[in-house]
S.K.: 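Can you keep this structure in mind? I'll have questions shortly.
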Amino acid sequence: MTTAIIGVGKIGGAAARHLVAGGEPVVLAAKDESNAQALAKELGPLARAASVEDAIAEADAVLLAVWLDTIEELVPQYARLLDRKVVVDPSNPIGFDDSGQMFRTLPEGQSAGSVVAGLLPAGAHYVKAFGTLVGDAFATGARREPRRAVLFYATDDDAAATTAERLIRAAGFDPLKAGGVADAGRIEVPGGDLYQMGRDGELFDLDQARAVLGEVPA
């Protein structure tokens, strides 16, 4: 199983490092191909660089580690190749103004997950995942001891759930389903109560996360 990672910034780069450390092969693509090539060289034989088109075509799962507006451009362009793939979406509906202040780019109540899922071809397997921690916490929080940190995910698709759980575990976290696509906003920023910033910056372990979801007593 190969995972394409489109975008090698904070989230994509950290995901690539974590997955390779967990023994997962990855193919990396970026707008600036030299960035993908440099990271692939750093990560060794389990990683290689390719064009966006080739990366998607060759992969079983595709992690779209780019801004939401970029995803909105990429998905229609590569819809044929994304059909029947597991598509992992870590995007959040955020932008930054000239002073560096974050603002919401979608209307209240509309999640980035619902937008991306709605753009995909009917045969794609969509899951919201890998975007529930701030960049630095995601980069440093893998394989935490004695109890791993949780990454929430949201999907209505069994195949996507199976792949997301495998990748999350390989990346050094424990997976926990937060719900379906209708619940994607809970694991997004701004406003998501299960996003790290919505829980005062805390990284939950599996018992804590289950308690928040009401699966076990706190």
S.K.: Check whether Asn92 reaches the backbone of Val189 with its side chain - one donor and one acceptor, N or O, closer than 3.5 Å.
M.R.: yes

S.K.: Judged by atom type as modelled, is there a donor-acceptor pair below 3.5 Å linking the side chain of Asp83 to the main-chain atoms of Arg80?
M.R.: no

S.K.: Could you tell me if Asp89 and Ser91 have a donor-acceptor pair between their side chains, going purely by distance under 3.5 Å?
M.R.: yes

S.K.: With Tyr153, which of Glu165, Lys177, Lys128 fulfils side-chain hydrogen bond (donor to acceptor under 3.5 Å, both in side chains)?
M.R.: Glu165

S.K.: Hey, quick one: are Val115 and Val75 part of the same hydrophobic cluster, counting side-chain heavy atoms closer than 4.5 Å, chains of contacts allowed?
M.R.: yes

S.K.: Check Ala112 against Glu188 and note the closest heavy-atom contact, atom names and distance.
M.R.: N-OE1, 2.9 Å

S.K.: Which atom pair, heavy atoms only, marks the closest approach of Thr163 to Ala61?
M.R.: CG2-CB, 4.0 Å

S.K.: Within the side chain of Asp60, is there an N or O that forms a donor-acceptor pair under 3.5 Å with the backbone of Thr2?
M.R.: yes

S.K.: Report, as yes or no, whether the 6.0 Å neighbourhood of atom CG on Asp32 holds more than 12 heavy atoms from other residues, nucleotides or ligands.
M.R.: yes

S.K.: Please confirm whether the backbone N or O of Tyr126 pairs with a side-chain atom of Asp157, one donor and one acceptor, at under 3.5 Å?
M.R.: no

S.K.: Looking only at atom types and distance, does a side-chain atom of Thr3 sit under 3.5 Å from a main-chain N or O of Val26, one as donor and one as acceptor?
M.R.: no

S.K.: Hey, could you give me the CD/OG distance between Gln101 and Ser99, rounded to the nearest 0.5 Å?
M.R.: 4.5 Å

S.K.: Measuring from Leu68:CG to Leu106:CG, what's the distance to the nearest 0.5 Å?
M.R.: 5.5 Å

S.K.: Minimum heavy-atom separation for Ala170 to Leu19, with atom names?
M.R.: CB-CD2, 4.2 Å

S.K.: Measure across Trp67 and Ile94 and return the closest heavy-atom pair with its distance rounded to 0.1 Å.
M.R.: CZ3-O, 3.7 Å

S.K.: Please check if the side chain of Arg143 supplies one atom and the backbone of Ala171 the other of a donor-acceptor pair under 3.5 Å.
M.R.: yes

S.K.: Can you measure from CD (Gln77) to CD1 (Ile56) and round to the nearest 0.5 angstrom?
M.R.: 8.5 Å

S.K.: Taking atom CZ as the centre, does Arg84 end up with more than 12 heavy-atom neighbours from other residues, nucleotides or ligands that are less than 6.0 angstrom away?
M.R.: no

S.K.: Under 4.5 Å between any side-chain heavy atoms of Arg166 and Met1, yes or no?
M.R.: yes

S.K.: Measuring from Ile5:CD1 to Ile11:CD1, what's the distance to the nearest 0.5 Å?
M.R.: 11.0 Å

S.K.: Can you tell me how far CD of Glu72 sits from CG of Leu64, rounded to the nearest 0.5 angstrom?
M.R.: 12.0 Å

S.K.: What's the spacing between Leu176 CG and Thr132 OG1 if we round to 0.5 Å?
M.R.: 10.5 Å

S.K.: Between Ala149 and Leu203, which heavy-atom pair has the shortest distance, and what is it?
M.R.: CB-CD2, 3.8 Å

S.K.: Looking only at heavy atoms, what is the nearest atom pair of Pro90 and Ala65, with distance?
M.R.: CG-CA, 4.0 Å

S.K.: Parallel, tilted or perpendicular: which fits the ring planes of Phe173 and Phe138, with parallel below 30° and perpendicular above 60°?
M.R.: parallel

S.K.: Would you check if the side chain of Ser114 reaches a backbone N or O of Gln110 as a donor-acceptor pair within less than 3.5 Å?
M.R.: no

